[in-house]
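These notes are about the structure you will find just below.
From a predicted model like this one, the values you see are computed outputs, not experimental measurements.
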Amino acid sequence: MKRFMIFNAKKFNIMLSLLLVTTLSLGINNKAEILPISNQIKQEKDVKKFIFTPQTIVKTNLRKQAPSLFELQRILRERFGQSAIIGGFRAKGKSVIELWTDSEMEGKEHYILDISANKLSIRGATQEALLYGLKALDRILQSDVCNTANKRIAPVHIDAASATVIQP
């Protein structure tokens with residue numbers, strides 16, 4: 001009788017493991033994102049990094065309730081533990097984040113993410129493009145843990161135009 005119970009417990013554990021693996025593999029496919037493919041990525045070395053400070057200000061041509069601004073603040077709070085000051089169209093400072101829609105850019109998903117020592121700029125053809133740019137920024141912050149922990153972002157230039165499916 002004891003042998004029969006052990007055999008069933010082993011079967012149960014195997015079935016449970018297979019069920020877990022199947023569930024996880026199905027979940028991964030559902031998390032696919034559509035993100036623009038980068039046409040051009042340039043990462044500069046030996047250049048000063050962008051430093052996020054309590055005085056960092058957001059310069060934008062977006063309305064105050066724009067989804068992109070809420071997403072930016074969420075990313076900043078999650079990665080740096082604080083948000084930035086929303087300054088509007090004429091904002092100035094030593095540490096500036098620009099979030100800008102530019103109707104002259106071609107393609108509704110086209111965005112340019114440009115990070116330098118004093119400015120982090122995301123320009124997009126549409127609000128959707130800005131959200132793609134913000135996702136790219138968030139992935140950079142997630143992957144560069146050392147700089148993110150010190151509230152710094154390495155300089156990079158990304159020009160992305162056409163969409164594709166990317167697995168996280």
Side-chain angles (χ1 to χ4, degrees), residues 28 30-168:
I28 290 172
N30 292 335
K31 292 182 181 178
E33 297 178 18
I34 297 178
L35 294 175
I37 296 175
S38 298
N39 295 338
Q40 180 183 30
I41 298 176
K42 291 180 186 174
Q43 189 158 17
E44 301 190 27
K45 296 181 181 183
D46 302 324
V47 180
K48 285 187 173 182
K49 295 174 173 81
F50 179 83
I51 301 172
F52 184 81
T53 69
Q55 291 79 34
T56 297
I57 194 159
V58 177
K59 181 177 180 179
T60 185
N61 65 349
L62 304 173
R63 58 181 171 48
K64 295 278 184 197
Q65 299 299 319
S68 303
L69 289 173
F70 286 107
E71 180 64 10
L72 173 65
Q73 295 289 36
R74 183 197 65 77
I75 291 168
L76 296 176
R77 278 191 305 274
E78 198 170 294
R79 305 293 168 227
F80 298 131
Q82 63 190 51
S83 53
I85 303 162
I86 305 296
F89 188 77
R90 293 190 167 102
K92 293 181 182 176
K94 291 184 179 182
S95 178
V96 177
I97 298 174
E98 285 185 354
L99 199 57
W100 216 263
T101 53
D102 184 350
S103 59
E104 293 182 11
M105 294 177 76
E106 291 184 22
K108 67 179 184 175
E109 298 155 344
H110 187 190
Y111 73 87
I112 297 173
L113 171 61
D114 193 24
I115 303 171
S116 63
N118 298 323
K119 184 170 67 171
L120 185 159
S121 173
I122 302 174
R123 290 187 307 125
T126 62
Q127 280 282 332
E128 184 180 10
L130 289 176
L131 290 171
Y132 287 137
L134 288 166
K135 280 186 182 273
L137 172 64
D138 196 26
R139 285 186 176 197
I140 289 169
L141 295 174
Q142 287 175 352
S143 65
D144 193 358
V145 179
C146 292
N147 276 325
T148 302
N150 292 310
K151 298 184 180 184
R152 299 177 191 279
I153 310 171
V156 67
H157 177 88
I158 300 173
D159 187 342
S162 61
T164 189
V165 176
I166 305 248
Q167 292 288 343

- Message: Distance check, rounded to the nearest 0.5 Å: Gln73 atom CD versus Ser68 atom OG?
- Response: 12.0 Å

- Hey, are the side chains of Ile97 and Phe52 touching, using non-hydrogen atoms and a 4.5 Å cut-off? yes

- Task: Give the intermediate values and the outcome of side chain to side chain contact (heavy atoms under 4.5 Å, CB included) for residues Glu71 and Leu137.
- Result: CA-CA 11 Å; Glu71 180 64 10; Leu137 172 64; over 6 Å; no

- Task: Could you grab the distance from atom OG1 of Thr60 to atom CD1 of Ile122, nearest 0.5 Å is fine?
- Result: 10.5 Å

- Message: Let me confirm one number: the CD-CG distance from Gln127 to Leu134, rounded to the nearest 0.5 Å.
- Response: 9.5 Å

- Item | Any donor-acceptor N/O pair, Gln82 side chain to Leu76 backbone, under 3.5 Å | no

- Task: Please check if the side chain of Ser95 supplies one atom and the backbone of Ile51 the other of a donor-acceptor pair under 3.5 Å.
- Result: yes

- Test Tyr132 against Tyr111 for ring-ring contact (aromatic ring centres under 6.0 Å, His included), laying out the working first. CA-CA 7 Å; Tyr132 287 137; Tyr111 73 87; 7.1 Å; no

- Note on the structure: Only one of Asp102, Asn61, Asp159 passes side chain to side chain donor-acceptor pair (under 3.5 Å) with Arg123, and that residue is Asp102

- Task: For Phe70 and Lys64, work out which heavy atoms get closest and say how close.
- Result: CE1-O, 4.3 Å

- Query: Quick one: ring pair (Phe, Tyr, Trp, His ring centres under 6.0 Å) partners of Phe50, sequence neighbours excluded?
  - Reply: none

- Please tell me if the side chains of Thr126 and His110 come closer than 4.5 Å, counting only heavy atoms from C-beta onward. no

- About how many Å separate NZ of Lys135 and CD1 of Ile140, when rounded to the nearest 0.5 Å? 14.0 Å

- Message: Checking Asp114 now: which residues fulfil salt bridge (Lys or Arg N to Asp or Glu O under 4.0 Å) with it, not counting sequence neighbours?
- Response: none

- pair Leu62-Leu130: side-chain heavy atoms closer than 4.5 Å: yes

- Partner residues of Lys119 under the salt bridge (Lys or Arg N to Asp or Glu O under 4.0 Å) criterion, sequence neighbours left out: Glu98

- Message: List the residues meeting side-chain hydrogen bond (donor to acceptor under 3.5 Å, both in side chains) with Lys59, not counting sequence neighbours, and say none if there are none.
- Response: none

- Task: Compare every heavy atom of Gly107 with every heavy atom of Ala125, then report the nearest pair and how far apart it is.
- Result: CB-O, 3.1 Å

- When rounded to the nearest 0.5 angstrom, what is the spacing between NZ in Lys92 and CD1 in Ile57? 11.0 Å

- Note on the structure: Shortest non-hydrogen pair, Asp138 vs Arg74, comes out as OD2-NH2, 3.8 Å

- Message: Could you work out, with side-chain hydrogen bond (donor to acceptor under 3.5 Å, both in side chains) as the rule, every residue matching Thr53, not counting sequence neighbours?
- Response: Thr56

- Item | Nearest non-hydrogen partners of Gly124 and Ala129, listed with the distance | CA-CB, 3.9 Å

- Message: Tell me every residue that passes side-chain hydrogen bond (donor to acceptor under 3.5 Å, both in side chains) with Asn150, counting only those two or more places apart in sequence or in another chain.
- Response: none

- Heavy atoms only: give me the nearest Leu141-Arg79 pair and the separation to one decimal. CD1-CG, 3.8 Å

- Item | Shortest non-hydrogen contact between Asp144 and Ala154, atoms and distance | OD2-CB, 4.2 Å

- Rounded to the nearest 0.5 Å, what's the gap from CG on Asn118 to NZ on Lys94? Could you check? 9.0 Å

